[in-house]
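This report concerns only the one structure given below.
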Amino acid sequence: MQAERSPKPNVNPAIAAFLSALFPGLGQLYNGQWAKGAAFFFVALLIIGALLSAIDVERFEQSLLADEVPSNLGLLLTLAAFLLLLALWSIVDAMRMARRTR
């Protein structure tokens, strides 16, 4: 069984990694992997949307001023960790697939 190859030949792995570091999925789009790039991009937007909707700045500040742990801190940290893992996965995948075409 042959490994999946990027459909776009002669792509630069450094550029692919840089684009994915800017936003997950951009490196895959640069590599010509449209479906995978769109999937990374969409999932990143979903996680960012969830993060933004979970942030209640006033309640968060009040908790910090009262020396309390904000009630949704676990959710915020979990979503941030998922976003970081998705970004790292996107960077590594874009670089790996770009190297396979060289």
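Closest approach of Pro13 and Arg99 over heavy atoms only: CG-CG, 3.6 Å.
Met95 is not connected to Tyr30 by any chain of hydrophobic side-chain contacts under 4.5 Å among Ile, Leu, Val, Met, Phe, Trp and Tyr, and they are in different clusters. Both Phe40 and Leu22 belong to a single network of hydrophobic side chains, linked directly or stepwise wherever heavy atoms of I, L, V, M, F, W or Y lie under 4.5 Å apart. Cluster annotation: Trp34 is connected to Val11 through the hydrophobic network of ILVMFWY side chains, with a link wherever side-chain heavy atoms come within less than 4.5 Å.
Around CZ of Phe18, the count of heavy atoms belonging to other residues, nucleotides or ligands within 6.0 Å does not exceed 12. Shown here is Glu58, whose CD atom has no more than 12 heavy atoms of other residues, nucleotides or ligands within 6.0 Å.
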Listed pairs under 3.5 Å, donor-acceptor, residues 41-56 side chains, sequence neighbours left out:
| residue | atom | partner | partner atom | Å |
| --- | --- | --- | --- | --- |
| Ser53 | OG | Gly49 | O | 3.3 |
| Ser53 | OG | Ala50 | O | 3.0 |

Side-chain donor-acceptor distances from residues 77-87 under 3.5 Å, at least two apart:
| residue | atom | partner | partner atom | Å |
| --- | --- | --- | --- | --- |
| Thr78 | OG1 | Gly74 | O | 2.7 |

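Going from atom CG of Leu19 over to atom CD1 of Ile91 covers 10.5 Å, rounded to the nearest 0.5 Å.
Screening residues 78-95 for salt bridge (charged side-chain N to carboxylate O under 4.0 Å, His left out) gives Lys36-Asp93 as the qualifying pairs, with residues at least two apart or on separate chains.
A side-chain donor-acceptor contact under 3.5 Å links Ser20 to the backbone of Gly27.
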